[in-house]
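First comes the structure, then the notes that go with it.
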Protein chains: 2
Amino acid sequence: MKPIELPVLGARHERSDAARNRQKILAAAERLFMRDGVSCTSMDAIATEAGVGKGTLFRRFGDRASLALALLQASDSAFQEAFIRGPAPLGPGAGPCERLIAFGEGLLGHIAAHGEILLAAQTASGPGRRFDAGPYSAYRAHVRMLIEQANARLDADYLADVLLSCLCAELVMHQMRAQGMSVSRLQAGWEQLVKGVLAC
Amino acid sequence: MKPIELPVLGARHERSDAARNRQKILAAAERLFMRDGVSCTSMDAIATEAGVGKGTLFRRFGDRASLALALLQASDSAFQEAFIRGPAPLGPGAGPCERLIAFGEGLLGHIAAHGEILLAAQTASGPGRRFDAGPYSAYRAHVRMLIEQANARLDADYLADVLLSCLCAELVMHQMRAQGMSVSRLQAGWEQLVKGVLAC
DNA sequence: CGCCTAAACGGACCTCAGTCCGGTTGCCTG
DNA sequence: CAGGCAACCGGACTGAGGTCCGTTTAGGCG
């Protein structure tokens, strides 16, 4: 994969043709993901559909996972905004235990809504890539903080990764598809899990 | 991937050339994994090292993940034997909570010992493959049983997957390598986690 | 011992993610 | 408007996982 240097906002201007192509690519990807399913859509197909060369596609997005992530950027930013500055119980104002439960319920809903694309985003190329890229570190910091607030004697660093691993797309999709668990059941399970772990 | 029809024991005889080649392949894979690292070893290289055609390799093992799994079969069977019929606290004789703690500690040790290969084994090709193949279902059944024994009011089906997701190779490798957590810290965290969830 | 067939063999081939690099173009400066 | 250059474009190329299918062989049987 390339050294990557995504559209840092400070970087002068994004050239107009580049911006146009980025939009074309995102639109094409969304269209094909809808039409054929995420896992059946190749990067070649997206490039062709967008009327763009393959090199251009990879220049703008680095790899398949990052493209998927870019498609979810809007809804993901909204979610982050909600749990950082939004109303309780997700945002500040509620107790940490309550917030953590709401966080998981929100994330489960997010996965239920955008499962296929999230799967592509989290199915990293190299092992461990999924922990470096995307919104993972923001989620992790948030969960870590809530754990610490709830019970300072816990190993928050450990538990943050552990609790998030119960909310990863691959697992949740498997629980929903293969095991037939409903979103509400997963949410109820998450609530019990959090209460047990935080002892609240 | 092929329809797959692995060495069912009932299948008459395994032809001698097939058995010989299987051994050659396993030996070659182990050698190259040791020498160059798992992630830097291609299937082509293994076939060449084994003095065997690529088709033969894939005929015997289906895919990369299954080959990795086959390499770990011995130590994995030993582990399964230990938690099913071995001495307490891993095997029967101890209480479910204690056994579950011991199970996680054992699995964490297993991962620490064979991390790279387990990573290849669990990094499925298709999404969710890791839940279908390998020892996952045996682990799952065991964990599910212990949860149920410990506290019948819990959603054992949900929690089995959830607890196992904290012991998957990708996560644990990340915690050890990127976050610098020691095995004993992970084991201590696991113990706290289990106690919290099972309320024991 | 020779035949026959199911099973195994092996390498050419396919697809697809990701890279490279020679040619092109937007945009800033004078 | 002209020139220069950094950024961008695109498609040929690489490497790896996985498949196909014509050829070979083990080993049971007469």
Side-chain angles (χ1 to χ4, degrees), chain A residues 1-8 10-25 28-29 32 36-69 120-121 123-127 129 133, chain B residues 1-8 10-25 28-29 32 36-69 120-121 123-127 129 133:
Chain A
M1 210 181 113
K2 271 288 197 48
I4 228 173
E5 7 97 16
L6 273 207
V8 182
R12 281 294 179 76
H13 267 325
E14 179 184 29
R15 247 170 65 169
S16 59
D17 51 349
R20 213 179 319 127
N21 278 336
R22 203 183 57 227
Q23 293 305 87
K24 285 200 290 183
I25 289 168
L32 292 186
D36 304 331
V38 178
S39 59
C40 294
T41 301
S42 72
M43 296 299 270
D44 281 271
I46 295 172
T48 302
E49 172 83 10
V52 140
K54 212 178 172 182
T56 300
L57 199 176
F58 280 95
R59 150 180 300 276
R60 301 308 304 168
F61 294 100
D63 63 10
R64 191 181 163 83
S66 303
L67 172 59
L69 230 35
T123 298
S125 331
R129 278 268 289 108
Chain B
M1 209 179 115
K2 271 287 196 48
I4 227 172
E5 9 96 15
L6 272 208
V8 182
R12 279 299 177 78
H13 267 325
E14 179 183 29
R15 248 170 64 171
S16 60
D17 51 349
R20 213 178 320 125
N21 278 336
R22 204 183 58 224
Q23 293 304 88
K24 285 201 290 182
I25 289 168
L32 292 186
D36 305 332
V38 178
S39 61
C40 294
T41 300
S42 72
M43 297 298 271
D44 281 89
I46 294 172
T48 302
E49 172 82 11
V52 139
K54 213 177 171 181
T56 302
L57 200 175
F58 280 96
R59 151 181 298 275
R60 304 300 315 160
F61 295 99
D63 63 9
R64 191 182 162 82
S66 302
L67 172 59
L69 230 36
T123 297
S125 329
R129 277 267 290 109

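The chains referred to below are lettered A, B, ... by the order of the sequence lines, with proteins before strands, and numbering in each begins at 1. Keep in mind it's a predicted model, so treat the numbers as computed, not measured.
The nearest whole Å value for the distance from the CZ atom in Arg59(A) to the C1' atom in dA17(C) is 17 Å. For Arg129(A) and dA17(C), the CZ to C1' distance is 13 Å, given to the nearest whole Å. Computed from coordinates, the Gln23(B) CD to dA8(C) C1' distance equals 16 Å when rounded to whole Å. The nearest whole Å value for the distance from the CE atom in Met43(B) to the P atom in dG10(C) is 15 Å. Between the NZ atom of Lys24(B) and the P atom of dA8(C) there is a distance of 15 Å, given to the nearest Å. Rounded to whole Å, atom P of dG10(D) lies 12 Å from atom CZ of Arg60(A). In this structure, the CD1 atom of Ile46(A) is 12 Å from the C1' atom of dC16(C), given to the nearest Å. As rounded to whole Å, 16 Å separates atom P of dA12(D) from atom CZ of Phe58(A).
Each of Arg20(B) and Ala65(B) has a nearest nucleotide on DNA chain D; the 5'-most of these lies closest to Ala65(B). Each of Arg64(B) and Ala18(A) was matched to the nucleotide of DNA chain D holding its nearest heavy atom; the match closer to the 5' end belongs to Ala18(A). Heavy-atom nearest nucleotides on DNA chain C were determined for Asp17(B) and for Asp44(A), and the one closer to the 5' end corresponds to Asp17(B).
Applying the 3.5 Å distance criterion, the base of dA17(C) shares a donor-acceptor pair with the side chain of Lys54(A). Residue Arg15(B) places no side-chain atom within donor-acceptor reach of the base of dA8(C), judged by atom type and a 3.5 Å distance cut-off alone.
Ser42(A) has no side-chain polar atom (N or O) that falls below the 4.0 Å cut-off from OP1 or OP2 of dT15(C). Note on Asn21(A): a side-chain N or O is less than 4.0 Å away from OP1 or OP2 of dC9(D).
Separation of atoms CZ (Arg22(B)) and CZ (Arg15(B)) is listed at 14.0 Å; rounding is to 0.5 Å.
The two residues Val52(B) and Asn21(B) have their closest heavy-atom pair at CG2-OD1, 3.3 Å. Minimum heavy-atom separation, Ser42(A) to Arg64(A): CA-NH1, 4.4 Å. Here the closest non-hydrogen pair linking Ile46(B) and Ala28(B) is O-CB, 3.9 Å.
Nucleic acid contact for Thr56(B): base, since at least one base atom lies under 4.0 Å from a heavy atom of the residue.
The side chain of Ser16(B) has dG27(D) as its nearest neighbour among dG18(C), dC9(D), dG27(D).
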With side chain to side chain contact (heavy atoms under 4.5 Å, CB included) as the test, would you mind laying out the steps for Arg20(A) and Asp17(A) before giving the verdict? CA-CA 5 Å; Arg20(A) 213 179 319 127; Asp17(A) 51 349; 4.0 Å; yes

